[in-house]
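To keep things clear, I will list the structure first and then write my remarks on it.
Predicted model only: the values in this text are computed from it and were never measured. The sequence lines fix the lettering, A, B, ..., with proteins before strands; numbering per chain opens at 1.
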Amino acid sequence: MRIVFMGTPEFAVPSLRALLDGGYEVAAAVTQPDRPVGRKGKLTPPPVKVFAQSRGVPVLQFERIRRPEGRTALEALQPDLFVTAAFGQILSQKVLDIPRLGTINVHASLLPAYRGSAPINWCLVNGETRTGVTTMMTDIGIDTGDMLLRDEIEIGPEENAETLTCRLAELGAGTLLRTLRALADGTLTRTPQDESAASYYPMLRKEMGRLDPALPARALHDRVRGLYPWPGAYLETAGGALKVLFSRAHDEDSGLAPGLVASADKARGLRIACGAGTLEILELQAPGGKRLPADAFLRGHPQTPGAPFAL
RNA sequence: CGCGGGGUAGAGCAGUUUGGUAGCUCGUCGGGCUCAUAACCCGGAGGUCGUGAGGUUCAAAUCCCACCCCCGCAA
């Protein structure tokens, strides 16, 4: 069975590794083009490319896989199966028609909930306590195909998108292998998604990181960890956007208007009054500055309880 | 040459506009107080002020020049 793997970020790497270690023939790894990154715009290869090359797997990169050039290259590989994992491009019907056995996708949610490109982040933002990985047959819709197998895990209360992505990536690799085994055994069953229970969440944008102090501290904390490390959460202050890297939610109300500094001392830490409870900021980054633990930040930028945040 | 911020004691910052041998908060070391403390009091150590035996000046952290490094935004 000749497999063509399609994936881009760190999440996809364990799945590709599992295929290779499992003895599957991976004809090629398709991934997004190298992108300019950082202040100097250095072209940076995506994680899947780096890994594939280290294992001697041919790498293909298309700006748009749907274009004739992409289709032609894929057809030439004569694949039996496509396996996708956080690839980042939508496959056209013509592309989906290429492999004899179809396309299996590894999706980081318990479908049909959290369809879309950022399921892990949105699960955390919404304060979910359980999530998982679902393998599915890709069709022309966005994460709408028939489900195959799934694995579930609990989400830790302080877990952020970075650590959860790592866990789900490993989990998904196992789910993928079980799926392929069942496929080979002929025991694989397809379960249509229940549309009435489906939910779709959009791609992440920077402005989604804005923290509204009028919301409960719990909700703000969920957003902080759900959007870490990218696109990151931030509070708007008079001096600009204050990035909040790590936080903690407290239920006790401060009695202060949301957004004001509730405390800034060693015992209670740096806390911001919220609609309900207070948000303790553990690590932050001021405009133009580097990321700092809250206590270090306070040494150079003392805050007054009851006053607006001062940068 | 995309825009901007910054490199001052172990950490975070002030001081640079109006040049005159460096200050704050914390940490650290020693001592004291206390049933006790992340509390408080007293005392000490610790800085080539990014680099250039650069320029200007009686005098440069501060003004001028060159270079290195870091960070935010935008992509």
Mind calculating the distance between [atom1] ([X]) and [atom2] ([N]) to the nearest angstrom?
{"X": "A:Arg205", "N": "B:A75", "atom1": "CZ", "atom2": "C1'", "answer": "17 Å"}
{"X": "A:Leu270", "N": "B:A38", "atom1": "CG", "atom2": "C1'", "answer": "17 Å"}
{"X": "A:Glu283", "N": "B:A11", "atom1": "CD", "atom2": "C1'", "answer": "14 Å"}
{"X": "A:Arg291", "N": "B:A11", "atom1": "CZ", "atom2": "P", "answer": "18 Å"}
{"X": "A:Asp265", "N": "B:A39", "atom1": "CG", "atom2": "P", "answer": "12 Å"}
{"X": "A:Leu284", "N": "B:G72", "atom1": "CG", "atom2": "P", "answer": "13 Å"}
{"X": "A:Arg35", "N": "B:A75", "atom1": "CZ", "atom2": "P", "answer": "14 Å"}

Which residues in residues 230-238 of chain A have at least one heavy atom lying under 4.0 Å from any atom of RNA chain B?
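Output list: empty, so none.
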Any residue of residues 293-304 of chain A with a heavy atom less than 4.0 Å from an atom of RNA chain B
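Result for residues 293-304 of chain A: A:Ala296, A:Phe297, A:Arg299, A:Gly300, A:His301, sorted by number.
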Could you tell me the Watson-Crick or G-U partner of [N], where both distances fall under 3.5 Å? Say none if there is no partner.
{"N": "B:C35", "answer": "none"}
{"N": "B:A60", "answer": "none"}
{"N": "B:U16", "answer": "none"}
{"N": "B:G43", "answer": "B:C29"}
{"N": "B:C3", "answer": "B:G72"}
{"N": "B:A66", "answer": "B:U51"}

According to the salt bridge (Lys or Arg N to Asp or Glu O under 4.0 Å) rule, which pairs have a member within residues 48-62 of chain A, sequence neighbours left out?
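Every salt bridge (Lys or Arg N to Asp or Glu O under 4.0 Å) pair that includes a residue of residues 48-62 of chain A, provided the two are not neighbours, is A:Asp21-A:Arg55, A:Asp34-A:Lys49.
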Pairs meeting criterion salt bridge (Lys or Arg N to Asp or Glu O under 4.0 Å) with involvement of residues 211-233 of chain A, two or more places apart:
A:Arg218-A:Asp251, A:Asp222-A:Arg225
Taking [M] as the reference, what is the distance to [N] when you measure between their [atom1] atoms (whole Å, please)?
{"N": "B:U16", "M": "B:G23", "atom1": "C1'", "value": "14 Å"}
{"N": "B:G19", "M": "B:G72", "atom1": "P", "value": "35 Å"}
{"N": "B:C63", "M": "B:U18", "atom1": "C1'", "value": "12 Å"}
{"N": "B:C13", "M": "B:C71", "atom1": "P", "value": "14 Å"}
{"N": "B:C1", "M": "B:A53", "atom1": "P", "value": "32 Å"}
{"N": "B:A45", "M": "B:G50", "atom1": "P", "value": "24 Å"}
{"N": "B:C24", "M": "B:C49", "atom1": "C1'", "value": "16 Å"}
{"N": "B:G46", "M": "B:A11", "atom1": "C1'", "value": "13 Å"}

Would you say the side-chain atoms of [X] and [Y] include a donor-acceptor pair closer than 3.5 Å?
{"X": "A:Asp151", "Y": "A:Thr175", "result": "yes"}
{"X": "A:Arg100", "Y": "A:Gln78", "result": "no"}
{"X": "A:Gln61", "Y": "A:Gln32", "result": "no"}

Just jot down the ring-ring contact (aromatic ring centres under 6.0 Å, His included) partners of A:His250, sequence neighbours excluded, or say none.
none
From C-beta outward on A:Lys266, which listed nucleotide comes closest to its side chain: B:A39, B:C71, B:C73?
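Among B:A39, B:C71, B:C73, the one nearest the side chain of A:Lys266 is B:A39.
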Summary of ring-ring contact (aromatic ring centres under 6.0 Å, His included) pairs that have at least one residue in [range], sequence neighbours excluded:
{"range": "residues 255-293 of chain A", "result": "none"}
{"range": "residues 64-83 of chain A", "result": "none"}
{"range": "residues 206-240 of chain A", "result": "A:Tyr228-A:Phe246"}

Pair A:Arg181 + A:Asp185, salt bridge at N-O below 4.0 Å:
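No.
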Can we say A:Glu252 and A:Arg271 salt-bridge, meaning some charged N sits less than 4.0 Å from an Asp/Glu carboxylate O?
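Between A:Arg271 and A:Glu252 there is a salt bridge, with a charged N closer than 4.0 Å to a carboxylate O.
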Closer than 4.0 Å, any side-chain N/O of A:Gln285 to the OP1 or OP2 of B:C71?
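No, no such contact exists.
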For A:Lys243 and B:C73, is the shortest distance between a side-chain N/O and OP1 or OP2 below 4.0 Å?
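Yes, within the criterion.
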Please identify each residue that fulfils side chain to side chain contact (heavy atoms under 4.5 Å, CB included) with A:Glu128, with sequence neighbours left out.
A:Tyr114, A:Cys123, A:Asn126, A:Ile155
Along RNA chain B (nearest heavy atom to each residue), the more 5'-positioned of A:Ala286 and A:Leu292
A:Leu292
Remaining members of hydrophobic cluster (4.5 Å side-chain criterion), A:Tyr200
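Members other than A:Tyr200 - counting any ILVMFWY side chain reachable under 4.5 Å - are A:Ile90, A:Ile142.
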Please list, chain by chain and in numerical order, all residues satisfying salt bridge (charged side-chain N to carboxylate O under 4.0 Å, His left out) with A:Arg205, sequence neighbours excluded.
A:Glu207
Counting primed atoms, P, OP1 and OP2 as sugar-phosphate and everything else as base, the B/S/- map of nucleotides 3-8 of chain B against protein heavy atoms under 4.0 Å is ------
